Structures are given as structure tokens and as C-alpha cells.
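Before any comments, here is the structure.
These figures come from a predicted structure and were not determined experimentally. Residue numbers start from 1 in every chain, and the chains themselves are labelled A, B, ... in the order their sequence lines are given, proteins ahead of strands. Hydrogens, waters and symmetry mates play no part in the numbers below; they use all other heavy atoms, side chains included.
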Amino acid sequence: MVGLRPTIFFMLRYLDIGNNNFIPSYNLFVGFGIAMAMLFLQYHKPFKTKTENEKHKIHLSLIVSILLGFIGAFIFDAYSQNIALTFDNLNQIGLTFLGGLLSGLMILVISLKLASLPILPTLNILAIPFCVAHFFGRLGCFMAGCCFGSPTKSFLGVTFPIDSLPHNQYHELIKIHPTQLYESAFVLCLFVFFTKFKTNNQFYIYILTYSVFRFIIEFIRADDRGTVLNQDIFSPSQIISLLTVILFTALIITNKQFQKQTINL
Amino acid sequence: MSNEKQISNAPMILGIIGGILGLPAAICSGACAAGLSTLADGATKQSTDDAGSAFLWIGLIAALIGLVSAFLYKKNPKGWGAMMLLAGILSGVTLVTFNFLSFIVCILFLIGGVISLTQKKPAL
């Protein structure tokens, strides 16, 4: 029956540029996402009001945190997958988004402090650019076929082609949850919300809502994400999400600046 | 209406995309160099490993210089534009491994570098 045939998603893990040469879609989307986020930042009203010196300091802090964020994502993936960090194992280790986000964020906070810039207001300026980069990054995951979901019969299900990562795991063409697209859609909603409605504390909203969303979406993820703390109940990302919610809720409660800004809402 | 000319964002975009694509390009260059060196007369495991590592590091350094230049070029378009050109030249060196991805990275850095160098910093 035609109606029961799975629709195979035309995936472009590598963009063929002829002569057996390829561009990895994932890297292209991540690069494009960071570039678009930086471009958005240049035209973002609160950023434009900063002095040239402050803008330079923010750029400097961003480059340091992005580079160290990549290293953090790499190290966290090696830890959760239980792979030794040696030169020979480099090609077996991937990147963990949450590991990168949190390590990059830590470095960003330290560098903003060292540059004598106000931390929370600067992070609030960066919340929408974060959404832009995040949106394209997850589209890159979808193109690469990583970070995929569990099998489903719902209309949202997507069938990845032969030789893709989901096919290599299930060994058949079945519909699975496109969790990468769910996440992109979620971040897009946040982007629209932030741009349509003038909200204070955008950074806290981004980090807290994303952590809650990520905790939930992990239940329908089916790729191998490794383990942490010798337990199988929660995935590494769920543990990080839980800790993030606890940490940032505590920060909100104790942060007088946040309370002041919320009153002005 | 303000006639103030802004510094172009094009080198920043080209540099960031080039820098991120430069990471897999460096790995490809290393792999290609190691593969090609096995064809040489008297090739040993040590010599292929050395060739692979050398091109991997050249590619990684180029990607890093390009990425940093992209983020910082607005402060000093001439200086960081020259650094982006250097990144383009380093990526160009890895072209001897016949890695086409390096060619794209090299072109992105070179265009970004040239735009930066021809940029006039607007008077504040």
C-alpha cells in the first residue's frame, strides 16, 4: 500500500562539490549559524548602543568562549562515551551541545568579568544571537543524521536514508522522531518570542526553558549518548539540564539585579 | 539621514564559515597527506604519521587564525585582514594534499582578507 510506505528524507550529510569532493553539512551549518548570529549581533539594537571598546571586548570574549566551548563539548563527549583522550582516538570523539554550551558560558562569564563588562546585561544582549546559532546548529545535526529520536508512527516521523546513522542503528527504513527539528522549532519560537515581545532577562528565559525542553526531549532520543555517574536512568544531557535548572534558579533567587529588572518589566 | 559608512561584515562572515569548515578540512588534509606519503619510495609508518600530523596542524592553525581574525577584524581591519590572508596562504599550503575542502577554505579567507585590507575605517 502506497500510504504505508515510509517517506525517505533526502539527507545531505555531505554536499557533493564534484570530483569526489565533499563539504560536511554539519560543519557548514554550524559555521553559517555562528556567522549569522554574529551578523545579527551587529544590528541588534542593545549591542549597537555600546561603545566601540565595549563591542571589541564582547567580540574578544565570544571568540575565546566559542573556541573553549568547542573543546569543552569535545571533552564532555569523550567522558560520557568513555573514550580515552588520546591523539589516536580523536576521530572517534564527537561534540556534545550542552557540554559546549555550559563550558563556553563559563568562559564567557569569566572573560566578561575580566573585561569589566556587566555580566547579566551582556548575556541578555547575546540571548537572541544564541538562538540564531542554536537553530542552524540543530539543522546541521538533522542534515548529518546525528542526535536522532526513537521510532514513531506519528505523522511527524522521518525516515532517514540507507547508510545514515539512524539506519546504521536500526538496520531498516523506519520512521523516527526528528528530535533535531523539534529543537530547532523550539529555538525558533524563542527567537520569535524575544523579538516580538520586549522581555527582560532573556538569557535566563533561554537557558531555563531550553534546559526543561532538553530534559523532556531526551526521553524520545535514541542515539548513543553515553553515560555519566554510573547510572542508566538519566542521560548525560538530562543530568546537565537538571543541574542547570537548579543552578540558575538559585542564581535568580539570589540575584538582586534580576529582581530589579523583573520589577521594571 | 546619516551618511556614516559602516565597516563591512563580509570578512567576519567569510572568516567564521572558513574557520569552522577549516576544522574538517585540516583533518582531511592530514588524512590525505598520510595516504599520499605511503606512495613514496621507502615510506615508513613514522614518515606517514609525520606527514599526516604536519598537514593536520597547518590546517588547524590556519582555521584558528582565520576564526580569530574574523571576530577581531573590526578593531583593526588592516592588521587582522593581513592575518586572514596569512590563514588563506596556510590553507593554500595544504592544497598540495589535493583536498578540495581546503581550497574552499583558502578562497573564503583570501576574499575576507582582501576585503578587510581594502576597507576604510570610518572616522568616529
Next on the checklist: B/Ile17 vs A/Phe32, test: side chain to side chain contact (heavy atoms under 4.5 Å, CB included). Steps then yes/no.
Outcome noted: CA-CA 6 Å; B/Ile17 297 177; A/Phe32 189 70; 4.0 Å; yes
Checklist entry - Considering all heavy atoms of both residues, which atom of A/Pro24 and which atom of B/Leu21 are nearest to each other, and what is their separation? => result O-CD2, 4.4 Å
Checklist entry - How far does CG of A/Leu28 sit from CG of B/Leu101, to the nearest 0.5 angstrom? => result 9.5 Å
Checklist entry - What distance separates B/Lys74 NZ from A/His56 NE2, expressed to the nearest 0.5 Å? => result 13.0 Å
Item to check | Approximate separation, where rounding is to 0.5 Å, of A/Leu62 CG and B/Phe71 CZ | outcome: 6.0 Å
Checklist entry - Which side chain to side chain donor-acceptor pair (under 3.5 Å) pairs, counting each pair once, include a residue from residues 20-36 of chain B, with sequence neighbours left out? => result B/Ser29-B/Asn99, B/Ser29-B/Ser102
Next on the checklist: By the definition side-chain contact (heavy atoms from CB on, under 4.5 Å), identify the one residue from B/Ile20, B/Ile16, B/Leu23 that meets it with A/Val30.
Outcome noted: B/Ile20
Item to check | Distance (rounded to the nearest 0.5 Å) between A/Ile23 CD1 and B/Ile104 CD1 | outcome: 3.5 Å
Item to check | Under 4.5 Å from any heavy atom of chain B - which part of A/Tyr26 | outcome: neither
Checklist entry - What are the residues of residues 34-45 of chain A, in order of number, with any heavy atom under 4.5 angstrom from a heavy atom of chain B? => result A/Ile34, A/Ala35, A/Met36, A/Met38, A/Leu39, A/Gln42, A/Tyr43
Next on the checklist: Within this structure, what is the NE2-CE distance for the pair A/His59 and B/Met12, rounded to the nearest 0.5 Å?
Outcome noted: 6.5 Å
Checklist entry - Are more than 12 heavy atoms from other residues, nucleotides or ligands located less than 6.0 Å from atom CZ of B/Phe98? => result no
Item to check | Engaged part of B/Leu67 at the chain A interface, taking heavy atoms whose separation is under 4.5 Å | outcome: both
